[in-house]
S.K.: 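Handing you a structure now.
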Amino acid sequence: MITATKFSVHKTNKSRLAETNFDALEFGKTVSDHMLSADYRKGAWTTPQLIPYGPIVLSPTALSLHYGQTVFEGMKAFRTNDGAISIFRIEKHYQRLSKSLERMSMPALPFELFSEGLQQLIHLDEAWVPKKEGHSLYLRPFVFASNEERFGVHESDDYRFLIITGPVGPYYSKTLKLKVEDRFIRAAHGGTGFAKCGGNYGGAFYPTKLARQQGFDQVIWTDGSKDLNIEESGMMNILFVINNVLVTPPLSDTILDGITRDSYLTLAADLGYKTEERKIGVKDLALAFENKTIQEAFGSGTAAVAAPIGSITMLGKEYLLPPVPQNGFMIRAKSMLEAIRTGNAPDTHRWNTLITI
Ligand code: COI
């Protein structure tokens, strides 16, 4: 365990806490007082620093700005029913970050730097962890190529690891109106689709903008094959309940290994649902609508947790989902997840790391 003495700590003398309205939180708009920063230089990570949140100085030659060596995670910490704080599935997030770093040819991050860094930072900004039901502290660890003084095309020698955090409220979404995207793709085999690297998100903005201009909320990504096999929904994984079975596309190098997705697949067994990780082509999906076997469709991700889908346009036709069933999988699994994270249900899958500093 990295102890506090191994972190250099510089506290802010101007907390923004008092001026923060915890009743009107917008995702990504509010950041906590401190951040963690550690540099990778000459082949090693330097002493992590806990410092006031603020701008960073970056050389214009920083290779993340030119060649996109930048990866991130999205995680959450929760206030438990007895006032403690727990971080959700820290090991699984670390494994995914490690895979992203490897794919982008960036240096590995030691687990203790990641885990202890998160814990020390959350401990320091403990007052920023919301106490209200459905609220949480969103955690954004990220690594990017930093201050190398040359911009030749090569992998960087210098990197920075930052963690910023911010309180977020519950995500209430109207049901999403989606179109299956049949012109652009998000990822191809052999590419970086499974990695949480910045470019995957940047590349999605333009097709999403076009879809919004056509009145849709987001696109459904496919594998671009003739079957148009469904892969993801916007920036989320996608799950369906068809014939009482929880169905989702199988992981591959084109699909992000979503931690919320994985949690739903695990909870499905606890709730008595069968699961199938299988390819779903648009014709398959259209058939499920025509046969009326499709009961639910939703996006899953750390930020949204579950975002119900109301309509899907594909093959030139709009297909409507039935209203979200109150005793259906999505609502039950989402509240089970919330109960586990807040200590209101037993953590049988050992997903919570309680901050014990
Ligand atoms: C998340 O769901 O946490 C994500 O990382 C996706 C997004 C907010 C970029």
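Numbering of ligands and ligand atoms starts at 1, following listing order.
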S.K.: Side chains of N200 and T192: donor-acceptor distance under 3.5 Å anywhere?
M.R.: yes
S.K.: With a 4.0 Å cut-off, would you call K279 and D227 a salt bridge?
M.R.: no
S.K.: If we ignore angles and hydrogens, is there a donor and acceptor under 3.5 Å between the side chains of T46 and D39?
M.R.: no
S.K.: Please examine the side chains of F184 and L210, heavy atoms only from C-beta on, and report whether any two atoms are closer than 4.5 Å.
M.R.: yes
S.K.: Tabulating one pair per line, provide the atom names and distances (0.1 Å) for every N/O atom of ligand 1 that is less than 3.5 Å from a protein N/O atom.
M.R.:
residue: ligand 1; atom: 2 (O); partner: T302; partner atom: N; Å: 3.2
residue: ligand 1; atom: 2 (O); partner: A303; partner atom: N; Å: 3.0
residue: ligand 1; atom: 3 (O); partner: Y138; partner atom: OH; Å: 2.7
residue: ligand 1; atom: 3 (O); partner: A303; partner atom: N; Å: 3.3
residue: ligand 1; atom: 5 (O); partner: Y138; partner atom: OH; Å: 3.4
residue: ligand 1; atom: 5 (O); partner: K196; partner atom: NZ; Å: 2.8

S.K.: Verify the distance criterion only: is there a donor paired with an acceptor across the side chains of S156 and D158 at less than 3.5 Å?
M.R.: no
S.K.: Between F27 and Y138, does the ring centre distance come in under 6.0 Å?
M.R.: yes
